[in-house]
Amino acid sequence: MSRLADETTRAAVPEKPALEGLEAKWDADWEASGIYRFDETRPRAEVFSIDTPPPTVSGSLHVGHVFSYTHTDIIARYRRMSGQAVFYPMGWDDNGLPTERRVQNYYGVRCDPSLPYDPDLAAPPDAGRPSAVAKRRTIAVSRPNFIELCEELTASDERAFEDLFRRIGLSVDWTRTYATIDAHCRRVSQLAFLENLERGEAYQIEAPSLWDTTFQTAVAQAELDDREVPGAYHKLRFAGTGGADDIWIDTTRPELVPSCVALVAHPDDGRYRPRFGSTVRTPVFDVEVPVLAHALADPDKGTGIAMICTFGDTADVTWWRELNLPVRTVIGRDGRLAAEPPAAVESAAGRAAYARLAGKTAAQARAEIAAVFAESGDIDGEPRPITHPVKFFEKGDKPLEIVSSRQWYIRNGGRDDDLRQALIDRGVQMNWVPAYMRARYESWIAGLNGDWLISRQRFFGVPIPLWYRLDADGSPLWDAPIRPDPGTLPVDPSADCPPGYDESQRGRPGGFAGDPDVMDTWATSSLTPQIATGWRTDEALYASTFPMDMRPQAHDIIRTWLFSTVVRAHFDAGAVPWHNCALSGWILDPDRKKMSKSRGNVQVPTDLLERYGADAVRYWAACGRPGTDTAFDEQQFRIGRRLAVKLLNASKFVLRFAELDDVASVEVERREQALGADLDAGAVPAGVTGPLDRSMLHRLAGLVDDASQALDAFDYARALERTESFFWAFTDDHIELVKARAYGEHGTAAAVSARLSLRAASRVLQQLFAPFMPFVAEEVWRWWHPASVHASAWPQSGPLRAAAGGAGALPGVVAAAVLGEVRRAKSEAKRPLRTEVLRATVADTAERIAMLATVVDDVRAAGRISELVTSEGPELSVACDLAPEAAA
RNA sequence: GGGCGCGUAGCUCAGGCGGUUCAGAGCGCUUCCCUUACAAGGAAGAGGCCGGGGGUUCGAGUCCCUCCGCGCCCA
């Protein structure tokens, strides 16, 4: 395509360039030209595929989204300009508890799975008005209706996110979006689960698991928070049997005494060693339990001996499993004590005491049992207040209980050393940015103490795709689940029938029952690479995009999203899911607190975009180094905006020489036309002869190498810093130094050299800025190019270095240094910069004086120096005789 | 308690392999300048025991040890 032919499609350089309106203008242009669409015809080696994090759309927009997504976009744009076909999809995470909660509050409804589907149900008229919703009773709706409401609300949330992401110029391929609850994701999620089941990587077992009594669901290890909460030690008496002494234990959970199955002390603890193997009787409930030894018992805690209950905490689970103890459950799924005591409680007194606890919450029962023990004399003194760490569900506000239930697990190395090591090895096969983040991955794996619990007793999620046959008594036959035909996925076992059954057999003896549970949201989002790349649905796409090249994500979810994704890819593909993990930091408010909705310190991005523009907001984001938390600093937006304005003005200055009606202008155009399309390959037309011009091109070549190297290493911040620093020196010094020559004051050849090199540098700088500030870069590029800068080829240093013709950095450095000294002399004399210097005396080393001689005309013109004399000296010094001040 | 990271100018932060772009940038502050790309701008200046203390080395923001302070992840 010849540049002449497209002359008419180019915009003229405006008289007063401005940033306003660029975002809408170029977003529309990009959308129309489709330059961000993935080219499926390109082979794997030319593809760069990105596993974009699906944002939780039920949250609100804030600057944190802008921050990390901009980092990814910079890399995507760089790779695209480097010639790769960038696969850059977008997902929405609308699956799971956050969405359920938002829907409940927004519409004022609750899900009742026992209700039938109502096809005519409309959203409540007061939906979205919290004060109105709060005044009325919540409306019970069926599970399918509830899910419809979830879908309705998430659809509008997703539009708001897409608007924001377009506004900040993400070069996402918007024809490739997914939502974690859509049919495609449910299908992939269920299919992957069924394949895990087939290979034995998923299994179901009745076992103690962490249980949130508020949300009524099991939760996984990765979702735990330890919180320090107040509690109290109760010192209780366990009566020795066969005439042995009583044993006193300290416990924070006396209400669990009815579920006590043993006492345990450290094997080396001399105080209790004689008692190992003997028994004691629990206070009041009078159940005989053994005294056992286990290394996990802490001799320094309380009296050094603990009671094992089923179950009070995770240590109980370990002891129970390793010491082969029975189960005596008292806490139910609702967090209350069961109506009946465990069968082991036989005595009338014990059963009477238990009756005082039955139906109470754990906290209520604790108070009651303290009274019971006080009456019986089995407690020593008053409870002693302490604070201790207690496990919570990260989204919950009541302590977790441990209840025995039937749950689905996926193996993750928590109970298998070989698998554990294999997953650690996968981490070694990936490039981590920054590198030290891998340590977090490894330490998480090292600390795993069980497999990954994926079933959740919730509604808005991907259902476990199984049914169970019911025996003649109506009890499910757990060991032989009925699987769906893969072609029918996704299925909802609560609404769909298994193959060979009809709806009338649901819940009937001899019929079937659907698995009531859904999968944890991470069980689906751990499959984002498979979801995005067309696994099992588009084998060609999968082959050209998987394993993916990049997973950008925040560092706090290494243990969840990153790790679980590695687990799935390891099982499914025997591979890493991606070659690079880029971990981003958080946005902190100016007081260095993490920005979050609950803290109320969130900055709304639309407001910032309004005031500073997308390029300025991106500039701020790009200054945050990989993995590093960044404080929100409004000053950075101003700086970014100033940089964008400067790029407009500097580009205008350079390009408008072409409009001068002089010989040099004709000559520049002739030389560029002679090169034709090679200009786009980075060639510089012959004719750059000026030493200062060549010196600048030499340094520009170095900048291209630095920036490319940094971007290859995902260090966008370094690339921007180098580019920005060069650019300011270019405008402050180089342009000032060559300005007179470019205007033709030293003849045509000198002007041609100046203008050609300025144009070459502008071209390169516009391209180097393009990944960071895509809107303004596109604007200035289109002033002289028919096609998008974002589809142009990333600059190469070779042609620039060739054009520099062996020049070094020094001429430019010396010229700028002398000019700086002259400016200082004028500034210190409080005279305008245009003041004439009658005579400047420059002393410097011989080498630098020699360099100065080659560029002296430029220096004299820029400094308005009439006479410049040089001498040798140890270092640079400049003495200036300024022209006398004109009489007022 | 373990792991990781961070302490450099008033503020926010750069400082790839120890030595000529090692005392740096921007902001803020002070002063000056409407100069034919840019006043939504430009030029210049002042400001620092590079957290403390040891060590390695001819030489240490840079490497090692230790202490202090801060943050994050996990127990």
Side-chain angles (χ1 to χ4, degrees), chain A residues 13-20 221-222 224-226 314 389 391 434-449 554-559 583 585-586 588 590 592-594 611-613 616 619-620 623-625 627-657 699 702 706 709-710 713 715 717-718 720-722 724-725 728-729 731-733 735-736 739-740 742-743 758 762 780 809-810 813 816-817 819-835 845 862 864 875:
Chain A
V13 181
E15 191 69 41
K16 276 272 172 197
L19 297 176
E20 280 62 37
Q221 186 185 350
L224 303 187
D225 270 348
D226 276 6
T314 52
K391 294 198 188 309
Y436 61 76
M437 288 295 182
R438 187 161 61 86
R440 297 198 185 178
Y441 174 81
E442 292 189 352
S443 64
W444 170 250
I445 295 178
L448 287 171
N449 56 28
H555 59 67
D556 56 332
I557 52 175
I558 290 174
R559 65 172 175 166
L583 285 307
W586 287 330
L588 308 175
R592 306 209 65 82
K593 296 281 188 294
K594 184 185 174 186
R611 279 187 287 151
Y612 298 103
Y619 171 87
W620 159 78
C623 287
R625 308 191 103 72
T628 306
D629 296 344
T630 297
F632 179 85
D633 178 8
E634 202 151 331
Q635 196 60 240
Q636 289 294 321
F637 296 97
R638 288 201 193 92
I639 299 165
R641 185 174 175 84
R642 197 169 64 119
L643 178 61
V645 169
K646 193 77 171 181
L647 188 59
L648 285 176
N649 286 314
S651 297
K652 174 183 121 183
F653 171 73
V654 169
L655 296 177
R656 288 202 122 188
F657 282 111
R699 286 189 289 164
D706 280 355
Q709 196 186 328
D715 194 347
R718 173 187 294 270
L720 174 58
E721 182 199 57
R722 295 296 161 99
E724 185 188 5
S725 159
W728 283 111
T731 58
D732 292 348
D733 296 331
I735 284 184
E736 293 305 320
K739 189 180 281 183
Y743 274 117
L758 286 174
S762 292
V780 295
L810 203 50
V813 170
L819 180 60
E821 288 298 311
V822 172
R823 283 174 180 155
R824 173 155 64 160
K826 292 174 182 177
S827 185
E828 282 176 355
K830 303 199 170 187
R831 302 285 299 280
L833 283 180
R834 65 174 183 282
T835 302
T845 62
R864 291 177 178 255
E875 58 179 12

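First the proteins, then the strands, lettered A, B, ... as listed; each starts at 1.
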Is [X] near enough to [N] that one of its side-chain N or O atoms lies under 4.0 angstrom from OP1 or OP2?
X	N	result
A:Arg642	B:G42	yes
A:Arg718	B:G15	yes
A:Arg824	B:A44	no
A:Arg440	B:C72	no

[N] [atom2] sits how many Å from [X] [atom1], rounded?
X	N	atom1	atom2	answer
A:Gln636	B:C11	CD	C1'	11 Å
A:Met437	B:C74	CE	P	12 Å
A:Glu442	B:C73	CD	P	19 Å
A:His555	B:C6	NE2	C1'	12 Å
A:Trp728	B:C38	CH2	C1'	9 Å
A:Asp556	B:C74	CG	P	8 Å
A:Leu720	B:A14	CG	P	13 Å
A:Arg438	B:G3	CZ	P	17 Å

(message) Classify the ring geometry of A:His555 against A:Trp586: parallel below 30°, tilted from 30° to 60°, perpendicular beyond 60°.
(response)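 If you compare the ring of A:His555 with that of A:Trp586, the planes turn out tilted.
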
Which nucleotide in the list [options] gets nearest to the side chain of [X]?
X	options	value
A:Arg823	B:A43, B:U36, B:A40	B:A43
A:Val645	B:A40, B:G16, B:A37	B:A40
A:Lys652	B:A37, B:A40, B:G26	B:A37
A:Ala650	B:C27, B:G15, B:A37	B:A37
A:Glu721	B:A14, B:G42, B:G28	B:A14
A:Tyr436	B:G5, B:C13, B:A44	B:G5
A:Trp586	B:G3, B:C72, B:C27	B:C72
A:Arg559	B:A37, B:C74, B:A44	B:C74

Considering only atom [atom1], compute the distance from [N] to [M] and round it to an integer number of Å.
N	M	atom1	result
B:G47	B:G28	C1'	11 Å
B:G61	B:G45	C1'	25 Å
B:A23	B:A14	C1'	12 Å
B:G5	B:C65	P	12 Å
B:C22	B:G48	C1'	13 Å
B:G52	B:G7	C1'	11 Å
B:U21	B:A37	C1'	29 Å
B:C74	B:A25	C1'	37 Å

(request) Walk me through it: do A:Glu821 and A:Arg824 pass the test salt bridge (Lys or Arg N to Asp or Glu O under 4.0 Å)? (result) CA-CA 5 Å; A:Glu821 288 298 311; A:Arg824 173 155 64 160; 3.0 Å; yes

Tell me whether [N] sits syn or anti, counting syn as a glycosidic angle within 90° of 0.
N	value
B:G61	syn
B:C29	anti
B:G71	anti
B:C17	syn

Sugar-phosphate, base or nothing in reach of [X], heavy atoms under 4.0 Å:
X	value
A:Leu833	base
A:Lys16	sugar-phosphate
A:Arg722	base
A:Lys646	base
A:Trp620	nothing
A:Lys826	nothing
A:Arg641	base
A:Thr731	base
A:Glu736	base

Does the distance from a Lys or Arg side-chain N to an Asp or Glu carboxylate O, for [X] and [Y], drop under 4.0 Å?
X	Y	value
A:Lys391	A:Asp226	yes
A:Asp733	A:Arg823	yes
A:Glu736	A:Lys739	yes

Answer whether the closest heavy-atom distance between the side chains of [X] and [Y] falls below 4.5 Å.
X	Y	value
A:Asn649	A:Phe653	no
A:Arg440	A:Met437	yes
A:Arg864	A:Lys826	yes

(request) Assign each of A:Arg638 and A:Asp715 to its nearest nucleotide of RNA chain B by heavy atoms, then name whichever residue's nucleotide is nearer the 5' end. (result)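 It is A:Asp715, whose closest nucleotide lies nearer the 5' terminus.
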
(message) Taking the nucleotide of RNA chain B with the nearest heavy atom to each, does A:Gln709 or A:Phe653 sit closer to the 5' end?
(response)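 Checking each residue's closest nucleotide, the 5'-ward one belongs to A:Gln709.
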
(request) Kindly state whether the ring of A:Tyr619 and the ring of A:Phe637 have centres lying under 6.0 angstrom apart. (result)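 That pair fails the under 6.0 Å test.
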
